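By convention in this document, chain letters (A, B, ...) are assigned in the order of the sequence lines, proteins followed by strands, and residues within each chain are numbered from 1. Values in this document were obtained by computation on a predicted structure and should not be read as measured data.
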Amino acid sequence: MATSFKEALSTNKFIITSEVAPPKGTNLEKMLHHIDLLKDKVDGINVTDHQSSVMRFPSIGGCLSIKERGGEPILQMTCRDRNRLALQAELLLAYTRGIRNVLCLTGDAVPVGDHKEAKGVFDLDSTQLLKAVHLMESGKDLGGSNLEGSVEFCAGAIVTPEARPLDPQLIKFEKKVEAGAQFFQTQAIYDLDNFGKFMEYARKFHVKILAGIVLLSSARMAKYMTENVPGIFVPQNLIDELAAAPKGGALAKGIEIAGRMIAGLKKNAICDGVHIMAIGKEEVVPDILAAAGI
Amino acid sequence: MKSITRQKPFDEVKEHLSSFDRPFIVGCGTCTTMTRTGGLEQVVEMKDRLQGLNKRVSGWTVIPTACDEMAETAMKENRRALDDANCILAMTCALGVYRLGSYINHPVIPALDTLFIGVEDSPGHFHEVCMQCGQCILGETAGICPMTACHKGLVNGPCGGTNNGKCEVDKEKDCAWTLIYQRLKDQGRLELMRRYQPPRNFQAVPRPRIIKV
């Protein structure tokens with residue numbers, strides 16, 4: 001990458017980030033392939049942190065691979081699996097290895113994952129983790145001690161613009177801004193009018209907002225997400241559009257829809273960029289970008 | 001304060017009693033009677049089931065309150081049957097198990113799992129409202145404890161898993177932060193929710209927790 005993610009955020013460029021998921025096991029082939037596919041096409045690559053509470057190769061491991069291959073990693077860090085000692089230690093490690101971006105998340109609940117009897121840690125929450133990052137930048141740790149060498153990160157967080165009810169979520173968003181979040185990647189959005197309203201509100205804050213674009217791969221998947229995933233609502237006209245796709249053509253239609261949304265967001269300067277989540281279909285992210293005319 | 005318990009699966013009780021053929025069964029007249037896990041009826045039922053396994057139940061009793069000194073009195077009153085027993089099967093909460101163990105040298109085997117300290121909302125419906133963290137923030141959260149009522153124990157507002165006022169881990173469970181938000185809003189005190197809550201002190205009273213009053 002010619003410029004860092006932080007530098008890209010400081011320009012008026014329409015930012016593109018995407019993400020890769022580490023494997024469950026030691027075979028990194030697929031993840032490395034996805035990294036190679038994306039590293040020169042996006043401004044940053046998130047690496048998920050035991051996404052959906054499913055045990056996997058660690059986020060920091062994936063970030064190191066991105067660094068090695070010349071990409072710009074965004075370290076996703078949840079508070080579910082580590083207490084404040086472990087979180088801070090990992091930030092120290094990340095910094096020393098050239099990782100400069102961290103996405104601070106609370107993390108999914110343990111029972112939704114594949115180690116249902118594990119202890120959920122949640123010693124800190126996302127807001128407190130953001131504060132901790134900035135405290136460490138000032139050369140201190142959460143115990144009040146001085147660090148021998150501090151850190152410097154571009155810290156971000158997430159927001160769910162379609163959460164119901166929305167107001168409590170917006171209070172949390174503002175707390176994250178106050179805690180020092182510099183950028184936000186949103187939960188998946190599909191209704192651009194709703195998202196536009198959220199952006200009218202979010203524009204009051206000096207943070208960069210990257211709209212979450214989750215690839216719809218079939219009408220069934222779109223319906224499932226609407227019914228089961230908190231804060232995701234796919235409008236019926238998009239579900240109908242996917243359903244009307246010719247046999248075997250739903251994925252192509254999903255790519256077209258994602259591309260169309262990205263192009264619309266960019267053209268109308270609704271937000272500062274997008275975060276593309278292909279969820280298992282990272283292979284087609286370049287096609288989504290092409291469909292968006294990027 | 002009510003100690004909420006659940007009966008262990010009978011196979012687990014059976015396994016714990018595998019090397020004891022002469023149990024003495026103890027129930028409690030307070031919390032486990034109310035939760036129907038260790039009252040008179042359940043104690044008699046347990047006696048019958050154990051006898052069905054050819055255990056020689058040396059006796060049984062339901063102590064009015066198994067977690068206080070009444071446990072000692074009951075042990076004295078039942079000395080003969082206890083002398084004949086080689087273990088106590090406690091259908092009390094863990095506080096009763098502890099008490100019984102401090103008055104008699106027999107092994108005390110719990111027949112129940114102690115779940116939480118809770119209140120009864122309506123007959124038969126028990127609800128955990130406090131986890132005894134040692135640093136109460138109910139004054140800032142409209143009387144609803146986020147450490148207890150939020151699955152993740154979050155103190156700075158809802159996570160992204162909140163869904164139409166319900167929790168991502170259980171669609172039947174209310175999202176604690178939606179409840180807190182609504183109540184603070186009704187009270188005109190939403191500014192409390194905007195206030196940053198620093199990391200909690202999980203060592204407010206180091207475990208094991210002991211205090212002298």
Side-chain angles (χ1 to χ4, degrees), chain A residues 52-53 78-80 83-84 87 105-113 116 120-132 135 142-143 157-180 185-188 212 227-233, chain B residues 113 131 133 135 137 140-142 144-204 207:
Chain A
S52 304
S53 306
T78 74
C79 298
R80 180 192 52 238
N83 71 4
R84 63 191 85 175
L87 287 167
L105 308 157
T106 293
D108 289 320
V110 170
V112 306
K116 295 184 188 303
V121 178
F122 303 111
D123 183 25
L124 302 184
D125 62 30
S126 52
T127 314
Q128 293 162 346
L129 180 58
L130 282 163
K131 281 257 195 194
L135 180 70
L142 282 168
I158 63 159
V159 63
T160 307
E162 298 249 32
R164 294 179 190 176
L166 182 59
D167 282 354
Q169 200 69 212
L170 298 184
I171 291 176
K172 182 102 180 238
F173 167 76
E174 290 178 33
K175 286 172 96 160
K176 289 176 176 180
V177 174
E178 278 167 32
Q185 291 172 326
T186 80
Q187 175 58 288
E227 284 165 10
N228 296 288
V229 183
I232 296 190
F233 299 94
Chain B
D113 288 316
M131 56 178 292
C133 73
Q135 34 174 190
I137 56 165
E140 294 165 78
T141 55
I144 297 162
C145 174
M147 298 288 288
T148 311
C150 166
H151 175 79
K152 299 172 186 170
L154 304 180
V155 292
N156 275 302
C159 71
T162 177
N163 204 7
N164 292 311
K166 298 294 178 188
C167 175
E168 71 176 332
V169 298
D170 182 351
K171 286 177 183 168
E172 300 298 311
K173 203 181 97 56
D174 290 325
C175 164
W177 275 102
T178 304
L179 296 179
I180 294 169
Y181 167 79
Q182 277 158 357
R183 210 184 266 187
L184 284 174
K185 193 177 170 195
D186 291 346
Q187 295 175 355
R189 299 199 302 156
L190 264 184
E191 76 282 359
L192 288 172
M193 191 169 159
R194 296 180 184 280
R195 189 183 291 172
Y196 171 71
Q197 293 285 351
R200 307 289 291 163
N201 175 8
F202 287 95
Q203 307 296 335
R207 288 173 185 269

- Item | chain B interface, residue from A:Ile158, A:Leu124, A:Asp123 that has the most non-hydrogen pairs under 4.5 Å | A:Asp123
- Message: For chain B, which candidate among A:Val159, A:Asp125, A:Leu129 shows the most heavy-atom pairs at distances under 4.5 Å?
- Response: A:Asp125
- Item | Sidechain N-carboxylate O distance under 4.0 Å for A:Glu178, A:Lys131 | no
- Task: Decide, yes or no, whether a salt bridge links B:Lys166 with B:Glu172 under the criterion of side-chain N to carboxylate O below 4.0 Å.
- Result: no
- Message: I'd like to know whether NZ of B:Lys173 has more than 12 heavy-atom contacts from other residues, nucleotides or ligands below 6.0 angstrom.
- Response: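 Yes, the 6.0 Å shell around NZ holds more than 12 heavy atoms from other groups.
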- Message: Let's test your reading of the structure: which of B:Pro199, B:Cys175, B:Pro198, B:Gly157 forms the most heavy-atom pairs below 4.5 Å with chain A?
- Response: B:Pro199
- Query: When heavy-atom pairs shorter than 4.5 Å are enumerated against chain A, which of B:Asp170, B:Asn163, B:Thr178 gives the highest number?
  - Reply: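 It is B:Asn163.
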Per-residue contact mode, [X] against chain B (heavy atom under 4.5 angstrom):
X	answer
A:Gln169	both
A:Thr160	side chain
A:Asn83	neither
A:Ala163	neither
A:Arg84	side chain

- Query: Are side-chain heavy atoms of B:Leu154 and A:Lys172 found at a separation under 4.5 Å?
  - Reply: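 Contact flag for B:Leu154/A:Lys172 side chains = yes.
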Whether the [X] and [Y] side chains hold a donor-acceptor pair (N or O, under 3.5 Å, no angle test) is what I'd like checked.
X	Y	value
B:Gln197	B:Glu140	yes
B:Asn156	B:Tyr196	no
A:Arg80	A:Thr106	no

- Query: Do we get A:Arg164 above A:Phe233's six-membered ring, with its NZ or CZ under 6.0 Å from the centre and within 45° of the axis?
  - Reply: yes
- Task: Could you look at B:Arg200 and say if it's the side chain, the backbone, both or neither that has a heavy atom under 4.5 Å from chain A?
- Result: backbone
- Which bit of B:Lys171 comes within less than 4.5 Å of chain A, counting heavy atoms only: side chain, backbone, both or neither? side chain
